[in-house]
Amino acid sequence: MLNSILHFIENDIKEIENLVAAMLKGEKEPHDLSQDIHDRMLGLGARLIAELYEKIDDEIRESLIRKKKWNIEQRNEPKELLDILGPIRFCRTGYRDKETGKFVYLLDKILGIEGHQRITLGAAACILEEAVQTSYAKGGRTLSLMGQVSKQTVKRLVHDTEAQLPVAPPSEKKRLEYLHIVADEDHVAAQFWSQKGDLGKDSRGNKINTIMPKLICLYEDVIDEAGETSKSPRHKLTGKHYFWGTYKGQEANRRLWEEVRDYIDTHYDTEYLKCVYIAGDGAGWIRAGCEVLGKGRFVLDKFHMMKYVNVSVSHLLDSAEEVKGEIWECLNGRHKKRLQEVYAEILKVTEEGRKYTEAEGALGYFLNQWDGIQIRTEEAGANWECCAEGQVSHVLSARLSSRPMGWSEQGCDRMSGLRAYTKNGGKIIDLLAYQKERRKENQLSEEELEIKKKVCEKQAGWRYQERLQGRVPGLEQHSLKWMRVWINQELGA
């Protein structure tokens with residue numbers, strides 16, 4: 001630390017003073033000064049970390065325990081880590097175990113630096129946070145002082161990060177009579193399945209390239225944040241939690257709903273719970289949730305009802321609104337026979353072709369989903385302010401399918417997971433730290449733990465503050481009070 005701080009005082013402060021003079025002369029702008037100090041302080045931080053790593057390496061090398069078990073084989077081996085402060089470049093010592101002959105960098109093991117690690121967890125988290133919101137390219141440019149990180153590197157980070165982190169159960173389960181779920185899937189374009197060029201085509205010549213990540217949103221209630229007097233309601237879901245994944249097939253789909261069931265069992269008093277309303281378009285994978293959850297009741301999503309109503313009357317011109325009103329009256333009043341009569345009249349005035357097929361299909365859709373329509377209109381306690389399409393658009397489509405882009409199945413699954421994980425309030429740095437802990441292959445040996453303990457004891461005697469005060473001329477002067485305060489803060493004084 002001494003050398004880094006002295007270097008900053010002897011070189012960087014002089015350059016800062018020159019820049020201040022240029023600013024006062026009108027040659028530079030205040031933002032130039034801010035940017036320059038910002039960059040220099042980050043550079044100082046990177047040098048401080050590198051110097052501290054090398055100091056720890058020195059202590060390891062001089063350890064009596066190390067001398068008994070490991071021989072020095074390499075000195076001053078360079079290592080660079082990409083960090084939020086910038087590139088951290090330091091040198092460390094390589095050793096050979098006297099008994100096993102195994103080569104090891106003891107500094108890396110004690111600090112928890114993995115063998116091929118090139119990016120710190122903090123930098124990786126910043127890159128992923130940007131990539132999850134925008135693109136791989138922008139994720140690679142997030143920390144410009146680190147240098148450009150390639151899109152391929154960002155892609156590997158995404159593919160290697162699984163959004164699964166154990167959550168501690170609450171101290172007390174919530175007691176609610178009703179819970180609500182909206183479920184739907186996104187339609188994402190695949191670049192390929194196993195390798196480029198392996199996408200097939202259907203009978204019409206269109207590529208078969210759709211990945212369908214599923215999204216389930218569980219929530220407790222809908223509140224209006226704008227207040228009762230506001231003319232513009234602003235709805236918010238309370239107790240919201242997302243579940244996600246590209247689960248394909250009945251067994252995989254069942255596992256998805258079992259995750260939902262386990263979450264409900266963990267966080268809610270299921271004996272007090274009366275019903276879980278599951279709203280969606282009526283797809284088989286959504287209805288399967290009713291069976292897995294036990295207390296699930298399917299409800300037809302209003303978005304899809306509106307979609308089929310509009311399709312049914314779009315060709316009726318001036319009478320469209322009137323007929324649409326009749327259809328809604330039948331749906332809301334649960335008049336199945338009258339609905340069939342209305343559609344019979346629609347089909348009478350509709351020519352054979354696409355519009356006829358669409359109207360006929362809409363009637364079939366409503367009849368097949370009639371139980372979901374009945375529950376929607378009959379049962380008290382259900383809250384229908386939320387739409388599955390909106391949740392999918394907000395969580396998945398905004399990143400995966402709203403722009404022309406292609407994905408691999410793994411990339412789509414990982415990205416949808418990271419999107420939902422962050423929407424659940426999860427922090428990516430916690431996720432990366434958990435995954436690093438899980439993949440630890442070699443724990444520290446007894447000798448390595450003892451070395452680490454001895455280094456901690458020695459670190460307490462480094463006394464940087466006293467040594468700095470003796471070596472930095474003028475530190476006691478009032479003009480350098482900021483430097484004295486900063487040093488005290490950095491050293492925990």
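Values reported hereafter were calculated over all heavy atoms of this structure, with side chains retained and with hydrogens, waters and symmetry mates removed. Along the sequence shown, the residues carry numbers beginning at 1.
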Salt-bridge criterion met for Asp83 and Arg89 (N-O under 4.0 Å): no
Are His241 and Phe243 near enough that their ring centres are under 6.0 Å apart? yes
Side chain proximity check, Gln191 to Trp407, heavy atoms < 4.5 angstrom: no
Determine whether the side chains of Lys240 and Asn424 contain a donor N or O and an acceptor N or O closer than 3.5 Å. no
Considering only NZ, NE, NH1 and NH2 on the basic side and carboxylate oxygens on the acidic side, decide whether Glu258 and Arg254 come within less than 4.0 Å. yes
Any side-chain heavy-atom pair of Ile119 and Thr153 under 4.5 Å: yes
Quick check: closest heavy atoms across Ile278 and Cys290, and the distance to 0.1 Å? CD1-N, 3.6 Å
Would you kindly check if the NZ (Lys) or CZ (Arg) of Arg96 is within the cone defined by 45 degrees around the ring axis of Phe103 and under 6.0 Å from the six-membered ring centre? no
Is Leu33 close to Pro30 at the side-chain level, that is, under 4.5 Å between some pair of heavy atoms? no
I'd like to check Asp281 versus Phe303 (side-chain heavy atoms, cut-off strictly below 4.5 Å). Are they in contact? no
Could you work out, with salt bridge (charged side-chain N to carboxylate O under 4.0 Å, His left out) as the rule, every residue matching Glu220, not counting sequence neighbours? Lys174
Interatomic distance, Ile264 atom CD1 to Leu273 atom CG [nearest 0.5 angstrom]: 7.0 Å
Under 3.5 Å, sequence neighbours excluded: what are the donor-acceptor pairs made by side chains of residues 157-169?
from	atom 1	to	atom 2	distance (Å)
Thr161	OG1	Leu157	O	2.6

Could you measure the distance from the CG atom of Asp36 to the CG atom of Asp12? Nearest 0.5 Å is fine. 8.0 Å
On a heavy-atom basis, which atom in Ile428 and which in Tyr421 lie closest, and how many Å separate them? N-CE2, 4.1 Å
Report yes if some heavy atom in the side chain of Glu129 is under 4.5 Å from a heavy atom in the side chain of Val132; otherwise report no. no
Kindly indicate, with the supporting measurements, whether the criterion side chain to side chain donor-acceptor pair (under 3.5 Å) is fulfilled by Glu15 and Asn11. CA-CA 7 Å; Glu15 293 298 323; Asn11 297 279; over 6 Å; no
Counting only heavy atoms not in Lys307, do more than 12 fall under 6.0 Å of its NZ? no
Is Arg261 close to Asp265 at the side-chain level, that is, under 4.5 Å between some pair of heavy atoms? yes
Under the side-chain contact (heavy atoms from CB on, under 4.5 Å) criterion, do Tyr105 and Tyr95 qualify, and how do the steps go? CA-CA 6 Å; Tyr105 291 107; Tyr95 303 94; over 6 Å; no
Take atom CZ of Arg47 as the centre, draw a 6.0 Å sphere, and report whether it contains more than 12 heavy atoms from other residues, nucleotides or ligands. yes
Please check if any side-chain donor atom of Asp186 sits under 3.5 Å from a side-chain acceptor atom of Ser397, or the reverse. yes
Closer than 4.0 angstrom, basic N to acidic O: yes or no for Lys138 and Glu130? no
Measuring from Gln391:CD to Tyr219:OH, what's the distance to the nearest 0.5 Å? 8.5 Å
Which of Glu114, Glu447, Glu448 passes salt bridge (charged side-chain N to carboxylate O under 4.0 Å, His left out) with Lys109? Answer is Glu448
Is any side-chain heavy atom of Trp70 closer than 4.5 Å to a side-chain heavy atom of Lys98? no
Can you tell if the side chain of Val392 reaches within under 4.5 Å of the side chain of Glu185, non-hydrogen atoms only? no
Any salt bridge linking Lys55 with Glu59? Criterion: basic side-chain nitrogen under 4.0 Å from a carboxylate oxygen. yes
What pairs meet the ring pair (Phe, Tyr, Trp, His ring centres under 6.0 Å) rule with one or both residues in residues 43-66, with sequence neighbours excluded? Tyr53-Phe90
Is a salt bridge present between Arg61 and Asp58, judged by a nitrogen-to-oxygen distance below 4.0 Å? yes
Under the salt bridge (charged side-chain N to carboxylate O under 4.0 Å, His left out) rule, collect the residues that match up with Glu446, sequence neighbours excluded. none
Does Asp269 come within less than 4.0 Å of Lys173, counting only side-chain N to carboxylate O? no
Kindly write out the residues that satisfy salt bridge (charged side-chain N to carboxylate O under 4.0 Å, His left out) with Lys274, not counting sequence neighbours, or none if the list is empty. Glu177
Could you tell me if Gln369 and Arg287 have a donor-acceptor pair between their side chains, going purely by distance under 3.5 Å? yes
Taking 4.0 angstrom as the limit, do Arg92 and Asp108 come out as a salt bridge? yes
Of all pairs that satisfy salt bridge (Lys or Arg N to Asp or Glu O under 4.0 Å), the ones with a partner from residues 397-425, not counting sequence neighbours: Lys248-Glu409
